[in-house]
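Worksheet for the structure shown next.
Residue numbering restarts at 1 for every chain, and letters A, B, ... go by the order of the sequence lines.
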Amino acid sequence: MPELHLTNTLTRTKERFVPIDPANVRMYVCGPTVYQRIHIGNARPIIIFDILFRLLRQIYGEAAVSYVRNITDIDDKIIDQAKANGEPIEALTARTSEAFLADCVALGCLSPSHQPRATAHIEGMVQLIGLLVAKGHAYEAEGHVLFSVPSMPDYGQLSNRSRDEMVAGARVEVAPYKRDPADFILWKPSKDGQPGWDSPWGRGRPGWHIECSAMAEALLGPLPFDIHGGGLDLIFPHHENEIAQSRGAHDASAMARYWVHNGFVDMRGEKMSKSLGNVLRVDDALAIVPGEAIRFFILGAHYRQPLDCTPEGLREAEETLTRFYKVLELTGLGGPDDDEEGQPAAEFLAALSDDLNTPRAIAELHGLATRVFTAHIQERDPAGARGIALTFKASAKLLGLLNDDPAHWLRGRAGVDGPRIEALIEERRAARAGRDFARADAIRKQLADEGVELEDRKDGTTGWVQKRSAV
RNA sequence: GGCCCGGUGGCAGAGUGGUCAUGCAGAGGACUGCAAAUCCUUGUACGUCGGUUCGAUUCCGGCCCGGGCCUCCA
């Protein structure tokens, strides 16, 4: 196995990844706050860290990797959304959580080792806050408990900003109960009608950030753990504050060793975000292309780069996957009876291990696909082609791709009327037999416009393939 | 204002101090009734101005343009 390298936000450099304990590699990734369905931008870290999870399992063994991705089901946005919907909070979070998990499955993601819910970890948060108060890193004020940023002189290392810079750039009014403008809320009082839990500071609820500190240590154990991931926009304040809380409570020098952040998905050059309203929801995208195409599209750019989301891009991803499924069908792989497992190609692993360079890994996939076609069709060497295809399949699987049955992907997707296509093929066959090529070509053209490719074989039969979804 | 990214051929998108990304689209060829699929071939690409260097798209600096964080956000 090649050495894994990751870009560490903490040091702003690409570093060799060395786990604290190779027998227990630990990763925490910030999951969604469940008040709405997720969009393509939210899907990016879900997919990227699923790839990293798979790669770590490949390197260290499946049993040696713990991956925690939380669901935050208590937050003011949730309270507001439930109110706007006129439904109980529990109904909203249950429905949205379920939809989130369904989206993850549709995108081909493995289940993380643990998917904790914040509301199941309130006790841990209260304990953590208690420790922070006891150690002088937090104080109570007007029913709130706040983290004292000046109590931690080296606060701001992850986002590379000093407390003074933060305060100078602040664009929000400072709450009067804060001792320092940079202080942030750990616990806040709940009014009647708002969800709340009893605590030493009265009935209240956690502030944003503390849930991740609590869930990470509850499920991953002593600090530091190996990898903490999430979107670029979480660096500040969320991850910076998680670090402050976790380090402060445990006098630890670090919360996690490697901080990995993905770039944004853009819409016409601007960040896709709910506040801008320029979002493409995953469930809406799924109505246009299969989930695997969304996944492949996202892997088409390096995870740290911005990625512009366009319908054309999703289409191209889908058509490329069609080419890949042809490789499997040609070599008899990927079907229900296929239990042959190959090993990922060395070059492919090298690309993936180099800071998850998925575009380079995909380029390797294209190279392997071409070699399969050449061996099978040009060189008439099915056995050789199959051998390469096994490597191809194993490589693609590491990216979480090609999970469908080729026959289903190529001819069984929604919106395709197989019998009608077969009938048109038969009509075309008859036309060709009668040398009515104009009619034969018209049929081919018509189907091509619908995204259906015809392939005339040597033996006189004609096959067909659904290149893209019929929408 | 502070901090941080990025500007690569028609498009998408890697990468590198001096021979190759890759894909889509385009052109030519093999194959074909013609095609399609598949394969082969093909394109004076690296924002701009300087500097370092034998040599820079790649390193350094200025500038222009775009984006992000500093407030909820993946």
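- Rounded to whole Å, atom P of B/rC70 lies 20 Å from atom CD of A/Q157.
- In terms of heavy atoms, A/A385 sits closest to A/V372 at CB-O, 3.7 Å.
- Applying the 4.0 Å criterion to OP1 and OP2 of B/rA12, one finds that A/T310 has every side-chain N and O outside that range.
- Across B/rU19 and B/rC34, the matching C1' atoms stand 40 Å from one another, rounded to whole Å.
- In this structure, A/V465 reaches neither bases nor backbone, as no heavy-atom distance under 4.0 Å exists between it and the strands shown.
- Base pairing in RNA chain B gives the following stems of 3 or more Watson-Crick or G-U pairs, range against range and under 3.5 Å: B:1-7 with B:64-70, B:10-12 with B:22-24, B:26-30 with B:38-42, B:47-51 with B:59-63.
- If you check every strand for non-hydrogen atoms under 4.0 Å, A/G313 touches nothing.
- Residue-level contact check: A/T33 touches neither bases nor backbone, having no heavy atom under 4.0 Å from any strand.
- Counting any heavy atom pair closer than 4.0 Å across all strands shown, A/G367 reaches no nucleic acid atom.
- Ionic pairing of A/E453 and A/K326 is present here: one or more N-O contacts between side-chain nitrogen and carboxylate oxygen are shorter than 4.0 angstrom.
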- Readout for nucleotides 26-37 of chain B: B = base within 4.0 Å of protein heavy atom, S = sugar-phosphate only, - = neither; 5' to 3' it is -----S-BBBBS

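- At the heavy-atom level, A/Q305 lies under 4.0 Å from the strands shown only through sugar-phosphate atoms.
- The pair A/R360-A/D354 counts as a salt bridge, with a side-chain nitrogen and a carboxylate oxygen less than 4.0 angstrom apart.
- In this structure, A/F324 and A/F296 have perpendicular ring planes: the angle between them is above 60°, well past the 30° mark.
- Within the nucleic acid shown, A/N42 comes within 4.0 Å of at least one base atom, counting heavy atoms only.
- Looking at heavy-atom distances under 4.0 Å, A/T374 makes contact with sugar-phosphate atoms alone, never a base.
- The CG atom of A/L234 sits 10 Å away from the P atom of B/rC70 (whole-angstrom rounding).
- Atom pair A/R380:CZ and B/rC39:P shows a separation of 15 Å (rounding to whole Å applied).
- For A/I288 against A/S469, the heavy-atom pair with the smallest separation is O-CB, 3.6 Å.
- At a threshold of 4.0 Å, the pair A/K445-A/E450 does not count as salt-bridged, since none of the basic side-chain nitrogens sits closer than that to a carboxylate oxygen.
- Computed from coordinates, the A/Y303 OH to B/rG15 P distance equals 11 Å when rounded to whole Å.
- Taking the six-membered ring for Trp and the full ring otherwise, the centers of A/H239 and A/H209 sit at least 6.0 Å from each other.
- With B/rA14, B/rA74, B/rC39 as the candidates, the nucleotide lying closest to the side chain of A/K274 is B/rA74.
- Rounded to whole Å, the separation between the C1' atoms of B/rG1 and B/rG43 comes to 46 Å.
- Phosphate proximity of B/rA74 to A/N262: absent, as no side-chain N or O sits under 4.0 Å from OP1 or OP2.
- For the C1' atoms, the distance linking B/rC3 with B/rU42 amounts to 46 Å, nearest Å.
- Between the CD1 atom of A/I235 and the P atom of B/rG67 there is a distance of 19 Å, given to the nearest Å.
- Between A/D75 and A/K77 there is a salt bridge, since at least one side-chain N of the basic residue sits less than 4.0 Å from a carboxylate O of the acidic one.
- Using a 4.0 Å cut-off between a side-chain N of Lys or Arg and a carboxylate O of Asp or Glu, A/D441 and A/R444 qualify as a salt bridge.
- If you take atom P in B/rC4 and the same atom in B/rG61, they sit 12 Å apart, rounded to whole Å.
- The side chain of A/P359 has B/rA21 as its nearest neighbour among B/rG15, B/rA21, B/rC69.
- In this structure, A/D404 does not pair ionically with A/R413, as no charged nitrogen and carboxylate oxygen lie closer than 4.0 Å.
- With both ends at atom C1', the span from B/rG7 to B/rG15 equals 16 Å, rounded to whole Å.
- Atom name C1', nucleotides B/rU44 and B/rG10: the rounded distance is 16 Å, in whole Å.
- Rounded to the nearest Å, the gap between the C1' atom of B/rA21 and that of B/rA14 is 6 Å.
- The side chain of A/P237 lies closest to B/rC72 when the candidates are B/rG15, B/rG68, B/rC72.
- Between A/H302 and A/E319, the one whose closest nucleotide on RNA chain B sits nearer the 5' end is A/H302.
- Listed nucleotides B/rA74, B/rG13, B/rA14 differ in distance to A/R360; the shortest reach to its side chain belongs to B/rA14.
- The distance between atom CD of A/E316 and atom C1' of B/rA25, rounded to the nearest whole Å, is 9 Å.
- Distance, A/L307 CG to B/rC11 P: 17 Å, rounded to whole Å.
- Comparing B/rC69 with B/rG26, their C1' atoms sit 41 Å apart, to the nearest whole Å.
- Salt bridge annotation for A/D284-A/R37: absent, with no cationic side-chain nitrogen under 4.0 angstrom from a carboxylate oxygen.
- Looking at A/K467 and A/E318, no side-chain N of the basic residue comes within less than 4.0 Å of a carboxylate O on the acidic one, giving no salt bridge.
- Distance A/Q81 CD to B/rC72 C1': 13 Å, rounded to the nearest Å.
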